[in-house]
Amino acid sequence: MWSNLPFDVLAKIFSFLSPDSLARARSTCRHWNACVDTYPIATSFILLSLHHRAWFLALPTRNRGEHCYVHNPVIDNWHLLSLDFLPDPVRPVASIGALILVRPTNCTVLQLALCNPFTRQFRYLPMSNISRTNPAVGVVTLDSVQHGPNPNFRVYVAGGMSEAPRGGAMYELKLEMYDSMDDTWHVVGFVPTEFAVRLTVWTPNESVYSNGVLYWMTSARAYSVMGYEIDGHRWRGFGVPMADKLEFAALLCRNGGLTLVGGASEGEACIWELKEGDRWGLIQKVPMEMGRKLLGGKRSWVSIKCVGSEEAIYLYKELGSGMVVWREMEEKARWAWFWIEGCHSIGGNQVPNLPIKGVFLRPNLFPFTF
């Protein structure tokens, strides 16, 4: 019976499978494999994005380029993926649906690339018009096919150091944008000198896009936020709660709005949302027992990192330390706190407790064609 099902019926069934289960299903027989290969990709990805949560992907911050670890939230299981297809060691900049925007670590000048660790694909983006070191990078996904193999997106590059006309280096004031639609970099504006300095010296590469604005967190003694209004070409800055007391702080996007996660010395970790007038409102606190478990008996949040998506926020440390998760429930009406055990072994083989950098992505088994 199963071998005689029409492709559209079989594809509907397959749309409810997680990527690892789909990989096993397609190896069952030629008929199923042909269904996976021939059914319209765009429709399949829309269904997959509706049925499955994003996965947490952990890239070691040491020994880059060898492998990474991914957590499947559906069955609460860890997997090991080889990264031996990468031509250079990389560190993640941002996830773009099923792809990861990465930056090679063996080059000081900015160079960006896309990779899919599940299909083992890698492709460099064109070099930007201006050669610069240590700029801030922001990503904007443009449409509803963002979870497909070929999402439309833009990458903004601001600040950084470039070569001065008479030699030496200077803070770069031109704002550049890469558009995936034409695979080209464009100069789209300018950055005020004060913002260019802060973006270069005090800003990690992570950015958040919300309601037409790209945001970056700066950490110059006290934390603050810088925002770029894309349509209006305007820059602005504003503060964050407990700015001089936070030991770690991260910006996320939740329910379409800008969200801040931070932990204070010998205090709790809290979650705030940005309100009108650049005011922050407290919405949650990390449960004390989970917070103590994550900190491992220590009272400092310095080593904690955070990554989030529209449906979940993860606080983590090392690969084996476990994660505190605030996640949207299936009924979509409430969020709840969970503890996820760290990765200690895979397939019976012990895994070292490595420092990691985490990103969210929706894994797929279809090749991108940029």
Side-chain angles (χ1 to χ4, degrees), residues 41 45 57-68 70 81-143 145-163 169 172 174-188 199-200 203-207 209 214 216 307 356-370:
I41 291 176
F45 272 106
L57 184 142
L59 290 101
T61 56
R62 302 170 187 167
N63 301 320
R64 292 186 174 102
E66 296 181 359
H67 47 253
C68 66
V70 290
L81 292 181
S82 173
L83 297 179
D84 59 4
F85 67 95
L86 297 177
D88 301 297
V90 299
R91 63 182 176 87
V93 176
S95 60
I96 306 175
L99 306 176
I100 306 175
L101 183 70
V102 298
R103 178 178 178 178
T105 59
N106 58 357
C107 180
T108 57
V109 174
L110 179 69
Q111 170 76 84
L112 298 173
L114 291 171
C115 81
N116 182 334
F118 291 87
T119 59
R120 298 171 59 81
Q121 287 181 282
F122 180 92
R123 184 221 172 200
Y124 279 112
L125 298 187
M127 292 295 293
S128 59
N129 297 311
I130 302 168
S131 179
R132 60 178 95 195
T133 61
N134 202 40
V137 179
V139 177
V140 178
T141 305
L142 298 178
D143 52 36
V145 299
Q146 58 179 298
H147 302 310
N150 299 297
N152 297 323
F153 63 94
R154 291 173 178 171
V155 179
Y156 290 82
V157 175
M161 303 296 293
S162 62
E163 185 177 353
E172 180 55 57
K174 291 180 180 178
L175 176 68
E176 289 188 271
M177 182 267 291
Y178 167 83
D179 193 333
S180 67
M181 298 290 287
D182 59 13
D183 195 30
T184 304
W185 288 91
H186 310 269
V187 176
V188 294
L199 287 167
T200 303
T203 305
N205 275 323
E206 292 85 351
S207 68
Y209 176 72
L214 265 174
W216 290 271
V307 63
I356 57 172
K357 177 65 177 177
V359 295
F360 273 122
L361 81 163
R362 296 182 182 275
N364 72 75
L365 304 175
F366 296 93
F368 65 79
T369 56
F370 286 120

One should read off an interatomic distance between Leu86 CG and Gln121 CD, to the nearest 0.5 angstrom, of 12.0 Å
Roughly how far apart are Cys115 SG and Leu101 CG, rounded to 0.5 Å? 9.0 Å
Minimum-distance pair of heavy atoms, taken over all atoms of Pro92 and Lys357: CG-CG, 3.5 Å
Closest non-hydrogen atoms of Met127 and Trp185, given as atom of the first, atom of the second and distance, are O-CD1, 3.3 Å
Please tell me if the side chains of Arg123 and Leu125 come closer than 4.5 Å, counting only heavy atoms from C-beta onward. yes
Under 3.5 Å donor-acceptor pairs involving side-chain atoms of residues 155-163, not counting sequence neighbours:
unit_1 : atom_1 : unit_2 : atom_2 : d
Ser162 : OG     : Glu172 : OE1    : 2.6

Go through the structure and list residues passing salt bridge (Lys or Arg N to Asp or Glu O under 4.0 Å) with Lys174, not counting sequence neighbours. none
Side-chain heavy-atom pair Ser128, Tyr178 within 4.5 angstrom cut-off: no
So, do Ile130 and Glu176 sit near enough that their side-chain heavy atoms are less than 4.5 Å apart? yes
How about Thr141 and Asn152: do any of their side-chain heavy atoms sit closer than 4.5 Å? no
Under a plain distance cut-off of 3.5 Å, with no hydrogens placed, do Tyr124 and Asp88 share a side-chain donor-acceptor pair? yes
Please tell me if the side chains of Leu114 and Phe153 come closer than 4.5 Å, counting only heavy atoms from C-beta onward. yes
